[in-house]
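Presented below is the structure to which this report refers.
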2 protein chains.
Amino acid sequence: MTEILRPIGSIYRALDAIANREFQQVKLAKGQYLYLARIAEHPGIIQDHLATMVKVDRTTVARSVKKLEQQGLVEKRPDETNRKIRRLYVTEAGADVYPLVQRENAYSNGVALKGLTVEEATTLATLLEQVAGNVAADWERVKQGQTRHY
Amino acid sequence: MTEILRPIGSIYRALDAIANREFQQVKLAKGQYLYLARIAEHPGIIQDHLATMVKVDRTTVARSVKKLEQQGLVEKRPDETNRKIRRLYVTEAGADVYPLVQRENAYSNGVALKGLTVEEATTLATLLEQVAGNVAADWERVKQGQTRHY
DNA sequence: GCGATTATGTTGTATTTGCAACATAATTAA
DNA sequence: TTAATTATGTTGCAAATACAACATAATCGC
């Protein structure tokens, strides 16, 4: 069978390391750029959904978002009707940092796609979305404690 | 520009989390499956090259491999001519664990490719290899301390 | 309506991770 | 040959990460 996991791993680890290093300049800790961007793009999202969206452990997201809050980049607001959830929004300061994240990500994306035609890039994106969909279900199952049987 | 980084991130984090969880059964700590597999496939590889290959920080690889050694899954042998490097090999115990890593990875790969035709999978793999190549150079530059200019 | 289950959030704790900084062998340059 | 640079390896340390366990609000099933 065609192997796709290894190049995906290489691409991810390389670009994630670069991103984390770059964002130290704006005092973002490892991983925080991910959450900041998603919150900026999905105002009012709650932590658990954020975790599911990015596929990171709930408790990791919880602590990282708490830190974003302490840094004044994100705020948690109570919901009108649901007393348990806290909705997430970027603050003004957070809104200032977000474009830097976008710019870095766009740059990395450009590096990644260098030498591919527009059609190739589109094909790649489409196939990756499909794969991401396939994998999401498995992740949620395992996160809920189910074990695989080979 | 077409966005490919996010699905790649989702796929990676989801499958990496699953893999790490599965491999707890064979007492592999987070990340160790990566190194064990590469050492099994490249007998005699040295730590630094392993780090470059998988795109993980040198010092992280160093500690993870040290632990593999302490667990008796990998051994470090001196080189004939070079007194500094230590060549890595899987032990018999390590050779027993390696197929389990292969099996899990193959399973995940299958989940990932579900619903894609053989041609689509091949296309995807080819494009991903190209992207991985593009990204590798950037990673090494940043790891050597060079900063990007946007 | 009420009990059971699920969803959401938090904290404790052990571990991995990665940047700095260092040590020294090997290689390159002069 | 020797000095400078690079390659390889390690350790200190601060921080992120993730599993387990818990708390409680919300929702579901009856």
Side-chain angles (χ1 to χ4, degrees), chain A residues 12-14 16-25 27-35 44-71 76-88 139-140 142-145 147, chain B residues 12-14 16-25 27-35 44-71 76-88 139-140 142-145 147:
Chain A
Y12 177 79
R13 288 186 298 267
D16 184 57
I18 291 173
N20 281 315
R21 204 180 257 237
E22 291 282 331
F23 294 135
Q24 286 181 343
Q25 291 173 21
K27 304 285 182 242
L28 287 185
K30 191 161 167 287
Q32 285 187 306
Y33 74 94
L34 266 184
Y35 315 121
I45 192 172
I46 67 173
Q47 262 182 206
D48 255 45
H49 296 172
L50 179 57
T52 302
M53 183 180 281
V54 297
K55 265 110 200 114
V56 172
D57 187 79
R58 278 166 5 96
T59 67
T60 301
V61 174
R63 279 186 240 248
S64 197
V65 168
K66 178 193 269 189
K67 188 166 178 178
L68 282 171
E69 188 189 17
Q70 288 164 346
Q71 290 167 309
K76 296 180 173 180
R77 294 199 216 132
D79 185 73
E80 305 264 324
T81 63
N82 187 317
R83 280 186 312 142
K84 183 153 209 189
I85 65 180
R86 323 237 287 139
R87 301 203 167 274
L88 304 175
W139 182 75
E140 286 179 56
V142 171
K143 271 295 175 184
Q144 269 161 11
T147 29
Chain B
Y12 177 80
R13 288 187 298 268
D16 184 57
I18 292 172
N20 281 316
R21 204 180 254 236
E22 291 281 330
F23 293 137
Q24 286 181 344
Q25 291 174 22
K27 304 284 184 242
L28 287 185
K30 189 159 169 287
Q32 285 188 305
Y33 74 94
L34 266 183
Y35 315 120
I45 192 173
I46 67 172
Q47 260 180 208
D48 255 44
H49 296 171
L50 179 55
T52 303
M53 183 181 282
V54 297
K55 265 109 200 116
V56 173
D57 187 79
R58 280 165 5 95
T59 67
T60 301
V61 174
R63 279 185 242 248
S64 198
V65 168
K66 179 193 268 189
K67 188 165 178 178
L68 282 171
E69 188 189 17
Q70 288 164 345
Q71 290 167 308
K76 297 180 174 180
R77 295 198 216 132
D79 185 71
E80 306 262 326
T81 62
N82 187 317
R83 280 185 313 142
K84 183 154 207 187
I85 64 179
R86 323 235 291 136
R87 301 204 168 272
L88 305 175
W139 182 76
E140 287 179 56
V142 172
K143 271 295 176 183
Q144 270 161 11
T147 29

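The chains referred to below are lettered A, B, ... by the order of the sequence lines, with proteins before strands, and numbering in each begins at 1.
When rounded to the nearest whole Å, the span between CZ of B:R21 and P of D:dT17 equals 17 Å. Put simply, CD on A:Q47 is 13 Å from C1' on C:dA7, counting in whole angstrom units. Whole-Å rounding puts the B:Q32 CD to C:dT17 P distance at 9 Å. Atom CD in A:Q24 sits about 13 Å away from atom C1' in C:dT17, given to the nearest Å. Here the C1' atom of nucleotide D:dT6 and the CD atom of B:E140 are 14 Å apart, to the nearest Å. A straight line from CD1 of B:I85 to C1' of D:dT6 spans 15 Å, rounded to a whole angstrom. Following rounding to the nearest Å, A:D57 (CG) and C:dA14 (P) show an atom-to-atom distance of 18 Å. B:Q144 places its CD atom 17 Å from the P atom of C:dG18, with the value rounded to the nearest Å.
In terms of phosphate contacts, A:K30 brings no side-chain nitrogen or oxygen within less than 4.0 Å of OP1 or OP2 of D:dA14. OP1 or OP2 of C:dT10 sits under 4.0 Å from a side-chain N or O of A:K76. Between D:dA7 and B:H49, no contact under 4.0 Å exists linking OP1 or OP2 to a side-chain N or O. For D:dA16, the OP1/OP2 oxygens have no side-chain nitrogen or oxygen of A:T60 closer than 4.0 Å.
On a pure distance criterion of 3.5 Å, a polar donor-acceptor pair joins the side chain of A:R63 and the base of C:dG12. A donor N or O paired with an acceptor N or O is found under 3.5 Å between the base of D:dG9 and the side-chain atoms of B:R58. Checked by distance alone, A:K84 brings a side-chain donor or acceptor within 3.5 Å of a matching partner on the base of C:dT8.
Ring geometry for A:F23 against A:Y33 counts as tilted: the plane angle lies between 30° and 60°, on a 0 to 90° scale.
A salt bridge does not link A:K30 to A:D16: none of the charged nitrogens lies less than 4.0 Å from a carboxylate oxygen.
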Stepwise side-chain contact (heavy atoms from CB on, under 4.5 Å) check, B:L28 with B:N20: CA-CA 8 Å; B:L28 287 185; B:N20 281 316; over 6 Å; no
Stepwise side-chain contact (heavy atoms from CB on, under 4.5 Å) test for B:D57 and B:K143: CA-CA 8 Å; B:D57 187 79; B:K143 271 295 176 183; 2.8 Å; yes
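The residue B:N20 sits apart from the nucleic acid: no heavy atom pair falls under 4.0 Å. Among the protein residues, A:A17 comes within range of no part of the nucleic acid, since none of its heavy atoms lies under 4.0 Å from any strand.
Paired with A:D79 under the rule side chain to side chain donor-acceptor pair (under 3.5 Å), one option of A:R86, A:R87, A:K84 passes, and it is A:R87.
Residue order along DNA chain C, read from the 5' end via each residue's closest nucleotide, puts A:K66 first among B:A29 and A:K66. Checking A:S64 against A:T81, the closest nucleotide of DNA chain D that is more toward the 5' end is the one next to A:S64.
You'll find that the side chain of A:R83 is closest to D:dA25, out of D:dG9, D:dA25, C:dG9.
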